[in-house]
Amino acid sequence: MTRKRISLRQELPLLVWLVIVWGALWQDFSAGNLLFGALIAVFVARLFYLPPVELGGRFNVLRAVPFGLVFLGKVVAASFQLLYLAVVRGPRVVSAIVAVPLRSHSDLLVTATGHVISLIPGSLVVEVDRGTSTLYIHGINVRDAEDAARLRKEVRDTEAGLIRIMGSPEEVSALKQEAAA
């Protein structure tokens, strides 16, 4: 497989991350160990095909802080909902797998959306169709089509928040047009 040449500027975040992981794995952040980790990182990045993570070139802190607070609120609320379901409903809780097509085809945003949703108790990404940017979510207490639509809306709202935080200008503009329609 031929690999398109990636500039060092694009590959630098990956290389830095690999060096940090190397230091953490060895629990040694000495200059010699990090230098050796950097050599290994360059070797791995050049030898193995790793698709580049294309960043949108922006990160909106003013959107990230409220998103993080809402996320923490959802985690706490979902934890109490699961406690209630486990104690009161027990084995009678119904769950389902719901397909959620996403707006973005960016690997970064699809992955971030999947991780945020999986961190909220009661939902878990079981499959990702990269070609269509569709997440398949296992949701607890999904009894009917209305509950499935609610889960889809929650996932798409999460994706919209992430697009506002770090999406490309085109994705942000498409989101604004969708909201206006």
Side-chain angles (χ1 to χ4, degrees), residues 10 13-14 16-18 20-21 24-25 44-45 48-61 63-168 170-172 174-176 178-179:
Q10 274 186 306
L14 170 67
V16 169
W17 177 248
L18 288 173
I20 291 170
V21 169
L25 286 173
V44 166
F48 298 108
Y49 175 73
L50 301 170
V53 175
E54 295 179 19
L55 304 174
R58 58 182 289 280
F59 185 84
N60 190 331
V61 176
R63 297 275 188 174
V65 171
F67 181 87
L69 294 173
V70 168
F71 167 72
L72 289 175
K74 286 181 179 182
V75 168
V76 170
S79 297
F80 283 111
Q81 288 172 350
L82 280 180
L83 175 67
Y84 170 79
L85 288 172
V87 171
V88 175
R89 305 260 325 266
R92 296 186 312 265
V93 175
V94 177
S95 60
I97 295 178
V98 179
V100 184
L102 301 179
R103 299 171 192 91
S104 176
H105 290 279
S106 159
D107 287 342
L108 179 63
L109 283 169
V110 171
T111 302
T113 302
H115 282 299
V116 169
I117 291 300
S118 289
L119 288 171
I120 298 172
S123 57
L124 179 71
V125 176
V126 293
E127 180 71 33
V128 178
D129 184 349
R130 191 171 170 212
T132 61
S133 288
T134 301
L135 297 180
Y136 293 90
I137 311 287
H138 178 271
I140 292 184
N141 204 29
V142 178
R143 299 174 304 256
D144 53 23
E146 186 177 308
D147 290 338
R150 191 175 306 118
L151 179 59
R152 266 189 211 94
K153 182 181 180 333
E154 182 180 336
V155 172
R156 288 181 58 88
D157 288 348
T158 299
E159 179 200 22
L162 289 168
I163 288 172
R164 287 184 194 100
I165 293 170
M166 60 184 172
S168 68
E170 296 82 22
E171 289 169 328
V172 173
L175 194 62
K176 287 179 183 175
E178 181 182 302

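Computed from a predicted structure; not experimentally measured.
- Proximity of F59 to I165: side-chain heavy atoms (C-beta onward) are separated by under 4.5 Å at one or more points.
- Rounding to the nearest 0.5 Å gives a distance of 12.0 Å between CG of N60 and CE of M166.
- In R152, the CZ atom is crowded: over 12 heavy atoms of neighbouring residues, nucleotides or ligands sit closer than 6.0 Å.
- Using a 4.5 Å heavy-atom cutoff, the side chains of R130 and V110 are not in contact.
- Shortest non-hydrogen contact noted between P101 and T134 is CA-OG1, 3.9 Å.
- Taking both residues in full, the closest heavy atoms of A99 and Y136 are given as CB-CE2, 3.4 Å, listed atom of the first, atom of the second, then distance.
- Taking OG of S118 as the start and NE2 of H138 as the end, the distance is 11.5 Å to the nearest 0.5 Å.
- In this structure, V142 and G139 approach most closely via the heavy-atom pair CG2-O, 3.6 Å.
- With a 4.5 Å cut-off on side-chain heavy atoms, N141 and D147 do not count as touching.
- Taking CG of L151 as the reference point, atom CD1 of I97 lies at 11.0 Å (rounded to 0.5 Å).
- Here the OG atom belonging to S133 is positioned 9.5 Å from the CG atom belonging to L109, to the nearest 0.5 angstrom.
- By the 4.5 Å heavy-atom criterion applied to side chains, I140 and L124 are not counted as neighbours.
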Subject >> Steps toward side-chain contact (heavy atoms from CB on, under 4.5 Å) verdict (V76, L72) >> reply: CA-CA 6 Å; V76 170; L72 289 175; 5.7 Å; no

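- Looking at T158, its side chain never comes within 3.5 Å of a backbone N or O of T113 through a donor-acceptor pair.
- Listed for the S123 side chain is a donor-acceptor partner under 3.5 Å among the backbone atoms of I117.
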**OP:** Assess whether salt bridge (Lys or Arg N to Asp or Glu O under 4.0 Å) is satisfied between R103 and E159, documenting all intermediate values.
**Re:** CA-CA 8 Å; R103 299 171 192 91; E159 179 200 22; 3.0 Å; yes

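- With rounding to the nearest 0.5 Å, the separation of CZ in R164 from NZ in K176 is 9.5 Å.
- Contact record, L82 with G122: CD1-N, 3.4 Å, taken as the closest heavy-atom pair.
- Salt bridge E154/R150: absent, no basic N to carboxylate O contact under 4.0 Å.
- Taken from CD in E171 to NE2 in H105, the straight-line distance is 9.5 Å, to the nearest 0.5 Å.
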